[in-house]
Asker: 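Submitted below is the structure of interest, expressed as structure tokens.
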Protein chains: 2
Amino acid sequence: MIADFNAYSYLLQHDIKPSVQRLAIVNYLYEHRTHPTADEIYEGLLDEIPTLSKTTVYNTLNLFQQQAAVLALTIDDKNVRFDIDTSDHAHFKCLNCGKVFDVPAVLNSVTSVTLEQGFLVTEKHLYLKGYCSSCNNLSK
Amino acid sequence: MIADFNAYSYLLQHDIKPSVQRLAIVNYLYEHRTHPTADEIYEGLLDEIPTLSKTTVYNTLNLFQQQAAVLALTIDDKNVRFDIDTSDHAHFKCLNCGKVFDVPAVLNSVTSVTLEQGFLVTEKHLYLKGYCSSCNNLSK
DNA sequence: TTCACTGCAAATCATTTGCAAGGCC
DNA sequence: GGCCTTGCAAATGATTTGCAGTGAA
């Protein structure tokens with residue numbers, strides 16, 4: 001499942017000094033593509049690292065963001081969600097079950113939006129909301 | 001500047017019973033297209049309505065959202081911002097000055113994203129981040 | 001030894017909730 | 001009178017901050 005992913009070199013590639021906690025968080029994000037919250041990551045790692053503190057999870061995720069090793073999603077207005085997949089895609093949040101799905105959108109094509117002169121775009125987020133197939137079928 | 005906008009009928013059109021507070025908030029949003037936070041709206045109306053409570057601002061904005069009279073933006077990870085313009089457009093947030101700009105994007109064209117069978121999309125948000133012309137020129 | 005990393009406890013801040021008082025039909 | 005709206009105070013919950021202890025180079 002972890003396949004050829006090397007958490008250690010992933011951190012080095014992003015100029016992040018590896019540690020037990022940092023490696024665990026990267027691996028958690030690599031294995032759980034559910035766009036977890038800081039709290040979900042913390043809870044998910046407690047068995048593995050019982051001494052882990054939530055502060056460390058927040059510190060680490062903030063560091064990862066700075067180094068562009070993860071993407072912070074604000075599709076949820078309650079808490080920030082994290083995605084280790086920084087490739088070109090959009091997100092869909094089901095308003096019923098709350099799950100956040102990856103959507104294979106081509107965000108680059110969105111670049112066609114007309115920006116004023118001198119605006120420099122460094123980040124693009126396309127958030128879709130509605131009802132996923134499971135929740136949508138229930139109401140039929 | 002207020003032109004032909006009628007806050008009273010705007011509320012009625014959205015099945016919202018008018019009140020002094022609700023009218024003031026709608027007018028504030030109509031006149032301040034800066035995507036204000038709940039707190040900014042509260043502060044901005046204190047002179048006009050000194051007895052206004054922040055709870056009422058939150059209650060009202062939540063009601064407006066339910067009735068689709070305003071759009072809630074989560075482009076900012078700190079607090080939710082509100083937009084009375086529900087027409088087709090995107091948003092750009094400057095990472096330096098923090099301002100949120102309207103972008104004349106055609107979100108409908110974004111519909112071309114491939115969604116799985118049975119996914120029902122009810123809301124689309126395109127958030128761009130980077131540096132606005134003022135902040136971008138400073139660094140040159 | 002030094003300096004960065006960790007983790008506990010406390011602080012902060014946006015938002016919600018409980019509830020009592022006031023106002024409108 | 002009854003119900004909806006308002007607003008205060010307190011609660012909640014995510015995230016940050018202060019700071020002391022630990023550990024690795």
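Residue numbers start from 1 in every chain, and the chains themselves are labelled A, B, ... in the order their sequence lines are given, proteins ahead of strands.
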Asker: Name each donor-acceptor pair under 3.5 Å that joins a side chain in residues 55-63 of chain A to protein atoms two or more places apart or in another chain, with its distance.
Answerer:
{"residue": "A:N59", "atom": "ND2", "partner": "A:T55", "partner atom": "O", "Å": "3.4"}
{"residue": "A:T60", "atom": "OG1", "partner": "A:T56", "partner atom": "O", "Å": "2.6"}
{"residue": "A:N62", "atom": "ND2", "partner": "A:Y58", "partner atom": "O", "Å": "3.3"}

Asker: Return the value, rounded to whole Å, for the distance between atom CG of B:D76 and atom P of C:dA14.
Answerer: 10 Å
Asker: OP1, OP2 of C:dT15 versus side-chain N and O of B:T55: anything below 4.0 Å?
Answerer: no
Asker: Please work out whether the ring planes of A:H35 and A:H91 are parallel, tilted or perpendicular, with thresholds of 30° and 60°.
Answerer: perpendicular
Asker: When we call it a touch if two heavy atoms are under 4.0 Å apart, what does B:S19 touch: a base, just sugar-phosphate, or nothing?
Answerer: sugar-phosphate
Asker: Can you measure A:Q21 atom CD to D:dG23 atom P for me and round it to whole angstrom units?
Answerer: 11 Å
Asker: Just to be sure I understand the rule, does A:T37 reach a base, reach only the sugar-phosphate, or reach nothing, if contact means heavy atoms closer than 4.0 Å?
Answerer: nothing
Asker: Could A:K93 and A:D76 be called an ion pair, given the rule that one side-chain N must be under 4.0 Å from one carboxylate O?
Answerer: yes
Asker: Quick one: B:I25 CD1 to D:dG7 C1', roughly how many Å, whole number?
Answerer: 13 Å
Asker: Strictly below 4.0 Å: does B:N62 bring a side-chain N or O up to OP1 or OP2 of C:dT16?
Answerer: yes
Asker: Name the residue closer to the 5' end of DNA chain C, choosing between B:N59 and B:K78 according to the nucleotide with the nearest heavy atom.
Answerer: B:K78
Asker: Roughly how far, to the nearest 0.5 Å, is the CD atom of B:E123 from the OG1 atom of B:T86?
Answerer: 11.0 Å
Asker: For the pair made of CG in B:L45 and P in D:dT6, what is the distance, rounded to whole Å?
Answerer: 13 Å
Asker: With a 4.0 Å cutoff (strictly under), does any side-chain N or O of A:Y58 reach OP1 or OP2 of D:dT16?
Answerer: no
Asker: Kindly point out which of D:dT5, D:dG7, D:dA14 is positioned nearest to the side chain of B:R22?
Answerer: D:dT5
Asker: In this structure, how many angstroms lie between the C1' atom of D:dT5 and the CG atom of B:L52, rounded?
Answerer: 12 Å
